[in-house]
Asker: 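Once you've had a glance at the structure underneath, I'll fire off some questions.
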Amino acid sequence: MTKKILILPGDGIGQEIVAEAVKILNALKANHGLDVELIDGLVGGAAYDETGSPLPEETLAKARECDAVLLGAVGGYKWESLDISVRPEKGLLGLRKELGLFANLRPAILYPQLADASTLKPEIVSGLDLMIVRELTGGIYFGQPRGVRTLDSGERQGYNTLVYSESEVDRIVRVAMDIAMKRGKRVCSVDKANVLECTEMWREVATKVGADYPEVALSHMYVDNAAMQLVRAPKQFDVMVTTNMFGDILSDCAAMLTGSIGMLPSASLDENGKGMYEPIHGSAPDIAGQNVANPLATILSVAMMLRYSLDEPAMAERIEAAVNQVLDDGLRTADIHSDGMTKVGTAEMGDAVTAAL
Ligand code: NAD
């Protein structure tokens with residue numbers, strides 16, 4: 001059956017990088033039998049300008065109906081002074097919430113060709129291929145009660161609540177286990193079980209889920225040690241699974257191990273494997289409209305979509321191999337350019353990957 005993909009370019013470089021990802025999808029359709037229908041939609045500042053809302057009802061309805069969503073990025077100087085309720089970022093958060101996207105997958109892959117882009121020594125990071133699975137709809141970012149109250153003494157006190165139910169932990173750990181089964185069969189669950197009761201329970205539930213996956217080696221690590229290990233010896237990890245806040249911090253840290261924000265894709269999945277796919281970077285208004293943005297994170301997000309939502313792993317591998325090929329050929333956008341390499345623009349990079357498919 002034809003699968004439907006909602007295409008949401010959004011703002012800034014989102015327009016340019018998504019255009020390149022669409023080239024890839026169209027080439028796979030035309031030449032390799034990919035059976036998909038692409039549907040256009042508005043989100044972020046672009047949607048606000050046209051409809052007065054960063055997430056129009058029509059976009060939400062299309063997103064619900066589609067099998068997957070490809071998003072560029074949202075935001076920009078133009079909309080910074082708007083009321084927070086209609087800022088572009090609300091469109092993104094609204095989509096995550098309304099679609100129930102509880103599992104955030106953030107791979108950190110360092111292509112050997114780009115080992116010099118990292119601030120870490122090449123031998124520490126070259127060939128890094130790590131997947132962080134972050135819980136996205138629970139934990140301290142959403143827990144109630146929360147706020148700032150004034151004590152009897154007159155002093156103000158801020159408070160938030162770290163809360164996870166067993167079922168929330170169970171489902172995110174299962175996502176990590178299923179992914180590990182398709183990779184190196186190792187999962188490290190990150191918590192702070194020595195201090196926080198909530199994550200002590202997290203560890204118990206993770207252990208229980210682990211028993212259902214005898215082929216996967218499950219380990220546990222405190223978050224402070226995990227942060228240290230990520231910069232000391234990141235290649236020891238295959239899949240890491242953790243809470244919303246720990247994942248927020250560790251995934252940014254892992255992304256920077258690769259040194260190139262323009263290379264990293266991400267996925268956010270619901271209970272049924274439907275997902276939203278986007279590069280980890282923002283709308284980069286400083287370089288928008290100049291044909292210099294790196295489209296590879298968005299193109300690699302399409303590969304993730306094919307693997308995790310559309311059940312087309314061979315097509316995903318085809319894209320990843322094509323990206324490897326253009327890097328081997330020495331093509332580089334400005335953000336990853338180094339001496340001796342050929343500097344290309346956004347569209348040229350997209351064309352080169354399309355040709356290499
Ligand atoms: P950013 O990721 O947009 O840019 C950070 C730096 O990285 C900039 O110098 C930019 O030029 C560069 N960069 C980013 N993507 C690149 C690419 N593909 N190729 C080459 N260089 C690239 O982060 P920011 O500057 O903090 O935020 C800009 C806007 O994006 C803000 O409005 C912010 O709210 C929004 N934002 C959106 C998302 C999202 O849509 N998921 C994520 C982060 C930030």
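In listed order, ligands and their atoms are each counted from 1. What you see below is based on every heavy atom in this structure, not just the backbone, and it leaves out hydrogens, waters and symmetry mates.
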Asker: Hey, any chance L357 and L296 share a hydrophobic cluster, counting ILVMFWY side chains that come within less than 4.5 Å of each other, even indirectly?
Answerer: yes
Asker: Any Lys/Arg nitrogen of K78 or D11 sitting under 4.0 Å from an Asp/Glu carboxylate oxygen of the other?
Answerer: no
Asker: What does the contact table look like for ligand 1 (nitrogen or oxygen on each side, cut-off under 3.5 Å)?
Answerer:
{"unit_1": "ligand 1", "atom_1": "2 (O)", "unit_2": "G282", "atom_2": "N", "d": "2.7"}
{"unit_1": "ligand 1", "atom_1": "3 (O)", "unit_2": "G282", "atom_2": "N", "d": "3.4"}
{"unit_1": "ligand 1", "atom_1": "3 (O)", "unit_2": "S283", "atom_2": "N", "d": "3.3"}
{"unit_1": "ligand 1", "atom_1": "3 (O)", "unit_2": "A284", "atom_2": "N", "d": "2.8"}
{"unit_1": "ligand 1", "atom_1": "9 (O)", "unit_2": "D286", "atom_2": "OD2", "d": "3.0"}
{"unit_1": "ligand 1", "atom_1": "11 (O)", "unit_2": "D286", "atom_2": "OD1", "d": "2.9"}
{"unit_1": "ligand 1", "atom_1": "11 (O)", "unit_2": "D286", "atom_2": "OD2", "d": "3.0"}
{"unit_1": "ligand 1", "atom_1": "15 (N)", "unit_2": "H281", "atom_2": "ND1", "d": "3.3"}
{"unit_1": "ligand 1", "atom_1": "18 (N)", "unit_2": "H281", "atom_2": "NE2", "d": "3.1"}
{"unit_1": "ligand 1", "atom_1": "18 (N)", "unit_2": "N294", "atom_2": "O", "d": "3.0"}
{"unit_1": "ligand 1", "atom_1": "19 (N)", "unit_2": "N294", "atom_2": "N", "d": "2.9"}
{"unit_1": "ligand 1", "atom_1": "30 (O)", "unit_2": "S283", "atom_2": "N", "d": "3.1"}
{"unit_1": "ligand 1", "atom_1": "30 (O)", "unit_2": "S283", "atom_2": "OG", "d": "3.1"}
{"unit_1": "ligand 1", "atom_1": "32 (O)", "unit_2": "G76", "atom_2": "N", "d": "3.2"}
{"unit_1": "ligand 1", "atom_1": "32 (O)", "unit_2": "E89", "atom_2": "OE2", "d": "3.4"}
{"unit_1": "ligand 1", "atom_1": "34 (O)", "unit_2": "E89", "atom_2": "OE2", "d": "2.5"}
{"unit_1": "ligand 1", "atom_1": "40 (O)", "unit_2": "V74", "atom_2": "N", "d": "2.9"}
{"unit_1": "ligand 1", "atom_1": "41 (N)", "unit_2": "E278", "atom_2": "OE1", "d": "3.3"}

Asker: Working to the nearest 0.5 Å, report the span between CE of M305 and CG of L25.
Answerer: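 Those atoms lie 6.5 Å apart.
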Asker: Are E204 and K208 ion-paired here, with the side-chain N under 4.0 Å from a carboxylate O?
Answerer: no
Asker: For N324 and E320, which I'm curious about, is there any donor-acceptor pair between the side chains at under 3.5 Å?
Answerer: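 No pair is found: no donor N or O on one side chain lies under 3.5 Å from an acceptor on the other.
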Asker: Check each of L8, L92, L93 against V74 using the side-chain contact (heavy atoms from CB on, under 4.5 Å) test, and report the only one that passes.
Answerer: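 One option only clears the test, and that one is L92.
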